[in-house]
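To start, the structure under review is shown below, and the notes come after it.
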Protein chains: 2
Amino acid sequence: MDDVAAAAGVSRALVSLVMNDSPKVSSERRRRVLDAADELGYRPNRAARSLAQQRSRSIGVVLNDLHNPFFAEVIDGITDAARADGLHVLINSPNRDPELEIELVENFIELRMDAVVVLGARGRPDRLAAAGREIPLVVVGDNVPGVDVVMNNDRRGGEIAVEHFAALGHQRVAHIDGGAGGGAFERRDGFWDAAVARGLDVKVLPGEYTETAGREAVDHLLAAGPLPTALFCANDVVAIGALDRLDDHGFRVPDAVSVLGYDNTNLSQLRRFSLSTIDQPRYRMGCLAMEQVLKRIAGDTSDPVTHLVEPELVPRRTTGSPSPSHSNAGGPS
Amino acid sequence: MDDVAAAAGVSRALVSLVMNDSPKVSSERRRRVLDAADELGYRPNRAARSLAQQRSRSIGVVLNDLHNPFFAEVIDGITDAARADGLHVLINSPNRDPELEIELVENFIELRMDAVVVLGARGRPDRLAAAGREIPLVVVGDNVPGVDVVMNNDRRGGEIAVEHFAALGHQRVAHIDGGAGGGAFERRDGFWDAAVARGLDVKVLPGEYTETAGREAVDHLLAAGPLPTALFCANDVVAIGALDRLDDHGFRVPDAVSVLGYDNTNLSQLRRFSLSTIDQPRYRMGCLAMEQVLKRIAGDTSDPVTHLVEPELVPRRTTGSPSPSHSNAGGPS
DNA sequence: CGCAGCGGTTGAAGCGCTTCAACATCGACT
DNA sequence: AGTCGATGTTGAAGCGCTTCAACCGCTGCG
């Protein structure tokens, strides 16, 4: 920096002002400084800058599962919102290791990020909350007491499924559960309660977020008697498994049975599946998380808040009215 | 840090030694310092540390497409290898914007990362090469002249496809091209050359890395006369599109026509598809990239090198011997 | 007794930047 | 002519850490 100042024939402080494009520099000197910097291949040192400025102008994102495309879109929202405020976004991934997750959050604190966003929190809630006391911290996709949270209204997602089925005229419905997966409880309870409230014949099968779980649940359903006419799956992958198994047994979808997924993943969009599903506004979740971060950075110290975003039905070709000509009680028609 | 030193009754320098767990500190004082740090909730400031140490002990990864699961596994390899050497990994994503990609590389330079890895380079090669002169820089998945590169041997991938088809006894084969997508040229040329060398009847259809391209290519193929008995698709998504369209027309796979994808994505693993495909050793690519980075960090200044990794056939249920009883010349049998 | 050697510790300089009080310059206004 | 404000510019202090030469107090040796 001294070299640049010397080359441009100004003081070091002036170079600094130029680098932070302060308005109080004559355009002629600014140009001279910029030229000199270019000439010398000078690059400001951000470590030194954040040390001096006491802030880094960047926020850290702890992305628990790089393989899960769900979060990619959330990050799009985060980065777009951050970029609009001149903040940089730095990501790291603990690869689903809860212990590592906390470490990486702490690493971001040591890096003096201005804030941290955790996507798909798996670490101990109390430790996350403790970190939240050291630095603005918002969690996306999971409910962690004591910190700011942005979540999908999964309970409402379950209700939407029931409403969709009811509108199509279904009476006997079932849900394949997502086990301990994120949001699975809420989806199940929302579905169950809404179905009961409408007087539908409802059934829940245990499962998890895998294709195999979907296949097995269909087998159980078949063993247990007449198939329900509509099947709400905990997520798209489960739905794919169920669809596959239904096809094995010769059931036509949606004539014999309607299938509804959750998440609107790229899978559901494949022509072959054209899976009706329920979308979570991921991009919006990212934006909301960033808005909350900005508030905290600006000095808002009010109690932690929870933002709920609303899921939305994406009807495709796997749901329809139950066909009266089909009796799926005893097998394929 | 002064506070910690005071609380522990030692000098600031000693605290620093403890924080870098130097061996020259008595275990009693070490404990006292650690306790005091804990007490005061002290966290070392890594910005200050990298300023003083002149290195950050972290490497930056520019991940061009967060939505592409391909890179997730590469990053697994990178992080595992980095962690083994006590390096942190920081990721950021330009979201396929070439201009932004360069900016983010430069941002990592300003952050004084020890090295940068670019996944799926889209930026101007000359600017990447220029950045490579300022900092150790390795590119994964694309060929950029003047920098270290780790790539899959896509040409060999095309050859493997031919070998597979030939071993199954196919005579008339075709390829749906990936257009300008990464590695598409090489896959196509490898396939073509190997097929010609074996005297096969070979045909190439233009395409791109989309489902629609797969569907359309099948339509073209049908319009052009008798279907080849084996179809090598530029990647899995294209193959899914092709499969779907073949199914629409009533062709049985693999009896009437074999279909081979590329990438071994999660799609190909779905039971419904069980798509035969060609796998790229992604994790290994990450490790290799990291090894190269470590060499450069250690001071290796030899000419840029290119590491080629070998693809591998993953046979599933969409490829088989052409069935002599099937004549697919005039439509489904 | 003196000194080398050693584990352990200290003070101070410096990493590259920001920032602030203070200063210089100059045109405009009383 | 003198003063004031606006506009630019400067030097120096300080951000939180590392590191190195120097130092301290001790043991063990000749």
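Every heavy atom of this structure was used, including side-chain atoms; hydrogens, water molecules and symmetry mates were not.
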Identify, between B:L14 and A:A47, the residue whose nearest nucleotide on DNA chain C lies closer to the 5' end.
B:L14
For B:D263 and B:Q280, does a side-chain donor sit closer than 3.5 Å to a side-chain acceptor?
yes
May I ask you to say whether A:E106 pairs ionically with A:R127, meaning some side-chain N is under 4.0 Å from a carboxylate O?
yes
Over 12 non-hydrogen atoms of neighbours within 6.0 angstrom of CZ in A:F185
no
Under a 4.0 Å N-O cut-off, is there an ion pair linking B:D114 with B:R55?
no
Does anyone know the first and last nucleotide of DNA chain D in reach of chain B, 5' to 3', at under 4.0 angstrom to a heavy atom?
D:dG16 to D:dT19
Does A:R43 reach a base, just sugar-phosphate, or nothing at all? Heavy atoms under 4.0 Å.
sugar-phosphate
The answer to which of B:G9 and B:R112 contacts DNA chain C further toward the 5' end, by nearest nucleotide, is B:G9
Look at all strands and tell whether A:R12 reaches a base, only sugar-phosphate, or nothing, counting heavy atoms closer than 4.0 Å.
base
Determine, for A:R32 against A:E28, whether the closest basic-nitrogen to carboxylate-oxygen distance falls under 4.0 angstrom.
yes
Indicate, with a heavy-atom threshold strictly under 4.0 Å, whether A:N20 touches base, sugar-phosphate, or nothing.
sugar-phosphate
Regarding B:D154 and B:N152, is there a side-chain donor-to-acceptor distance under 3.5 Å anywhere?
yes
